[in-house]
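Just so we're clear, the structure is a prediction, and the values are computed from it rather than from any experiment.
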Amino acid sequence: MATEQHLQIAIREYPEIVEAPGNTSFRKATFKIGGKGCIAVEKDGEHATFALLEDDIEALIKQSSASIEPIRKAGSLIGIRVNLTELTAQQVKALVKMTHSRFGNK
């Protein structure tokens, strides 16, 4: 069972991922790479969203036993919403790596 702390530890491995100042009424924390939001922790501390590539999203939905909700914008897949408590720390670490791969080092 992963926690918000596991997510924070995974994020710290990538110095390009920085916490955005201020948050919304829906989010506890928002993280950005190059000024673009990529990871968010919801107020309950149990749910998080990750901006991923469409191919990665489709593969995760097919492969995962955890409940992964796709996030769409204008009909396109743009990310996923997960319950951290249904994931392992390793799975959270992999999601952070996938997110970093999408936005980082460009």
Side-chain angles (χ1 to χ4, degrees):
M1 176 173 99
T3 64
E4 184 180 348
Q5 184 177 14
H6 291 112
L7 177 59
Q8 294 277 355
I9 291 167
I11 287 171
R12 279 188 229 130
E13 291 184 26
Y14 302 94
E16 304 92 340
I17 303 176
V18 295
E19 187 168 357
N23 293 297
T24 69
S25 58
F26 299 107
R27 293 186 181 93
K28 189 174 187 180
T30 301
F31 298 89
K32 295 183 174 190
I33 297 176
K36 294 185 179 188
C38 59
I39 300 170
V41 179
E42 294 181 7
K43 286 280 187 191
D44 65 7
E46 291 184 6
H47 291 88
T49 58
F50 297 84
L52 300 170
L53 295 171
E54 189 170 340
D55 291 342
D56 291 336
I57 296 166
E58 290 172 353
L60 285 167
I61 291 171
K62 288 178 185 174
Q63 296 171 359
S64 180
S65 60
S67 63
I68 294 177
E69 299 174 42
I71 300 171
R72 295 180 185 275
K73 182 177 182 180
S76 297
L77 285 172
I78 62 166
I80 60 170
R81 179 179 184 261
V82 299
N83 185 330
L84 294 172
T85 63
E86 294 180 9
L87 302 175
T88 65
Q90 284 301 106
Q91 288 171 313
V92 169
K93 187 175 181 175
L95 288 172
V96 172
K97 182 178 181 179
M98 291 170 88
T99 302
H100 179 266
S101 294
R102 177 179 179 197
F103 292 97
N105 302 322
K106 291 189 177 180

Please name the pair of heavy atoms, one in [X] and one in [Y], separated by the smallest distance, quoted to 0.1 Å.
{"X": "Leu7", "Y": "Ala48", "answer": "CD2-CB, 4.2 Å"}
{"X": "Thr99", "Y": "Cys38", "answer": "CG2-CB, 3.4 Å"}
{"X": "Ala51", "Y": "Gly37", "answer": "CB-O, 4.3 Å"}
{"X": "Ala89", "Y": "Ala2", "answer": "N-CB, 4.0 Å"}

Point-to-point distance, once rounded to the nearest 0.5 Å, from [atom1] of [X] to [atom2] of [Y]:
{"X": "Gln91", "Y": "His6", "atom1": "CD", "atom2": "NE2", "answer": "12.0 Å"}
{"X": "Glu19", "Y": "Gln8", "atom1": "CD", "atom2": "CD", "answer": "6.0 Å"}
{"X": "His100", "Y": "Ile11", "atom1": "NE2", "atom2": "CD1", "answer": "11.5 Å"}
{"X": "Lys93", "Y": "Leu87", "atom1": "NZ", "atom2": "CG", "answer": "15.0 Å"}
{"X": "Ile17", "Y": "Arg12", "atom1": "CD1", "atom2": "CZ", "answer": "12.0 Å"}

Please tell me if the side chains of [X] and [Y] come closer than 4.5 Å, counting only heavy atoms from C-beta onward.
{"X": "Arg81", "Y": "Glu42", "answer": "yes"}
{"X": "Glu86", "Y": "Ser67", "answer": "yes"}
{"X": "Leu60", "Y": "Val82", "answer": "no"}
{"X": "Phe103", "Y": "Lys32", "answer": "no"}

Among the clusters formed by ILVMFWY side chains lying less than 4.5 Å apart, do [X] and [Y] turn up in the same one?
{"X": "Tyr14", "Y": "Leu53", "result": "no"}
{"X": "Leu95", "Y": "Ile9", "result": "no"}
{"X": "Ile80", "Y": "Leu77", "result": "yes"}
{"X": "Ile71", "Y": "Ile68", "result": "no"}
{"X": "Phe50", "Y": "Ile61", "result": "yes"}

If only atom types and distance count, is the side chain of Glu46 paired as donor or acceptor with the main-chain N or O of Thr85 below 3.5 Å? no

Please check if the number of heavy atoms outside Glu54 that lie under 6.0 Å from its CD is greater than 12. yes

